Amino acid sequence: NAGVTQTPKFQVLKTGQSMTLQCAQDMNHNSMYWYRQDPGMGLRLIYYSASEGTTDKGEVPNGYNVSRLNKREFSLRLESAAPSQTSVYFCASSLRTGNSPLHFGNGTRLTVT
Amino acid sequence: DQQVKQNSPSLSVQEGRISILNCDYTNSMFDYFLWYKKYPAEGPTFLISISSIKDKNEDGRFTVFLNKSAKHLSLHIVPSQPGDSAVYFCAPTNFGNEKLTFGTGTRLTIIP
């Protein structure tokens with residue numbers, strides 16, 4: 001009963017380095033999301049995917065790319081990391097029927113120095 | 001332009017008493033409202049929701065109240081228990097719109 005699995009849990013990058021955050025869900029959900037959480041800011045949507053092969057920008061997409069590899073997996077890529085991207089990143093999924101609740105992973109804590 | 005505000009960053013309540021968490025929004029198009037709860041080092045989990053056709057929704061110890069004219073909702077927890085210590089986010093949206101707008105969160109601490 002894994003739900004939404006994110007890897008890695010922690011990552012430290014130097015400015016300019018690239019990395020991909022991985023996310024997989026085993027609930028057969030249609031929609032997947034990437035959020036970032038910063039102190040005093042709540043959770044902000046980076047990118048969203050309503051179904052395999054489709055992606056859509058959220059509130060804060062600059063500096064990120066995403067890939068919906070299949071129904072299960074949705075990855076987030078930082079091509080050239082910046083200190084402003086230091087944050088906790090959460091992946092989520094939902095059934096996409098009405099307003100079915102989002103199911104979140106446990107997050108990836110990223111520090112960019 | 002923050003559409004959703006939770007003006008109390010933190011709240012401490014004695015065990016057994018009522019906890020009241022507040023959320024204000026500016027977008028009058030919001031018609032569906034969710035609350036999420038988050039423990040440290042975990043992702044948020046869905047707690048309770050309410051549609052704009054109602055002004056109250058209850059689930060066990062948790063009740064959400066909606067005042068559409070004031071663009072205000074509140075979450076009541078009665079009685080409060082130590083396991084309720086967490087950060088609570090409100091997330092208003094439009095029914096069918098999955099792009100949730102989260103508030104800044106309120107950290108609730110229940111004092112034994």
Side-chain angles (χ1 to χ4, degrees), chain A residues 1-10 21 23-25 27 29-51 54-61 74 87-109, chain B residues 1-10 21-27 29-54 57 59 62 64 66 86-107:
Chain A
N1 193 15
V4 178
T5 302
Q6 292 183 236
T7 55
K9 287 185 169 50
F10 302 94
L21 281 66
C23 175
Q25 52 92 7
M27 296 173 284
H29 284 172
N30 297 310
S31 298
M32 297 187 74
Y33 314 75
W34 277 104
Y35 282 88
R36 60 178 287 174
Q37 185 190 9
D38 301 294
M41 301 290 287
L43 288 96
R44 293 181 292 169
L45 182 64
I46 306 171
Y47 268 96
Y48 157 67
S49 170
S51 61
T54 67
T55 60
D56 194 12
K57 293 179 180 178
E59 185 183 352
V60 288
F74 188 38
S87 188
V88 181
Y89 291 86
F90 289 99
C91 177
S93 68
S94 74
L95 265 175
R96 195 171 178 246
T97 53
N99 278 95
S100 49
L102 271 61
H103 297 257
F104 285 86
N106 285 336
T108 295
R109 184 174 293 276
Chain B
D1 175 29
Q2 272 196 327
Q3 296 189 72
V4 185
K5 289 185 180 178
Q6 294 178 253
N7 289 320
S8 298
S10 62
L21 294 88
N22 296 304
C23 177
D24 295 292
Y25 61 95
T26 57
N27 188 342
M29 300 301 291
F30 288 146
D31 60 7
Y32 194 71
F33 305 86
L34 303 96
W35 284 92
Y36 283 79
K37 174 180 178 178
K38 184 184 179 304
Y39 293 119
E42 294 184 11
T45 55
F46 169 71
L47 184 59
I48 191 169
S49 62
I50 187 168
S51 163
S52 60
I53 62 172
K54 294 184 174 183
N57 188 29
D59 183 2
F62 301 91
V64 57
L66 175 62
V87 178
Y88 291 79
F89 295 97
C90 64
T93 187
N94 310 106
F95 191 79
N97 178 5
E98 300 175 73
K99 295 183 183 181
L100 295 182
T101 302
F102 284 86
T104 51
T106 296
R107 181 179 302 277

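Since we're looking at a predicted model, the values are computed, not measured. A note on names: the letters A, B, ... follow the listed sequences, proteins ahead of strands, and every chain is numbered from 1. Only heavy atoms go into these numbers, but all of them, side chains included; no hydrogens, no water, no symmetry mates.
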Checking heavy atoms, do the side chain of [X], its backbone, both or neither come under 4.5 Å from chain B?
{"X": "Leu43(A)", "answer": "both"}
{"X": "Asp38(A)", "answer": "neither"}
{"X": "Gln37(A)", "answer": "side chain"}

Worksheet item: Take atom CZ in Arg109(A); do more than 12 heavy atoms of anything else shown fall under 6.0 Å from it?
Response: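 No, CZ of Arg109(A) has 12 or fewer neighbouring heavy atoms, counting only those of other groups under 6.0 Å.
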Item to complete: Using a cut-off of 6.0 Å, state whether more than 12 heavy atoms not belonging to Met29(B) lie near its atom CE.
Response: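 At most 12 heavy atoms, drawn from other residues, nucleotides or ligands, come within 6.0 Å of this atom.
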Contact origin within [X] toward chain A - heavy atom pairs under 4.5 Å:
{"X": "Pro44(B)", "result": "both"}
{"X": "Ser51(B)", "result": "neither"}
{"X": "Tyr39(B)", "result": "neither"}

Worksheet item: How far apart are the closest heavy atoms of Lys38(B) and Phe90(A), and which atoms are they?
Response: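 Nearest pair, atom of Lys38(B) first, then Phe90(A): CE-CZ, 3.4 Å.
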Practice prompt. Any chance you could measure Leu100(B), atom CG, to Tyr33(A), atom OH, to the nearest 0.5 Å?
Written response: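 Taking CG in Leu100(B) and OH in Tyr33(A), the distance rounds to 7.0 Å.
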Worksheet item: Taking atom NE2 of His103(A) and atom OG1 of Thr45(B), what is their separation to the nearest 0.5 Å?
Response: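 It is 10.0 Å, given to the nearest 0.5 Å.
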Item to complete: Please confirm whether the backbone N or O of Leu102(A) pairs with a side-chain atom of Tyr36(B), one donor and one acceptor, at under 3.5 Å?
Response: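 Between the backbone of Leu102(A) and the side chain of Tyr36(B) there is a qualifying donor-acceptor contact (under 3.5 Å).
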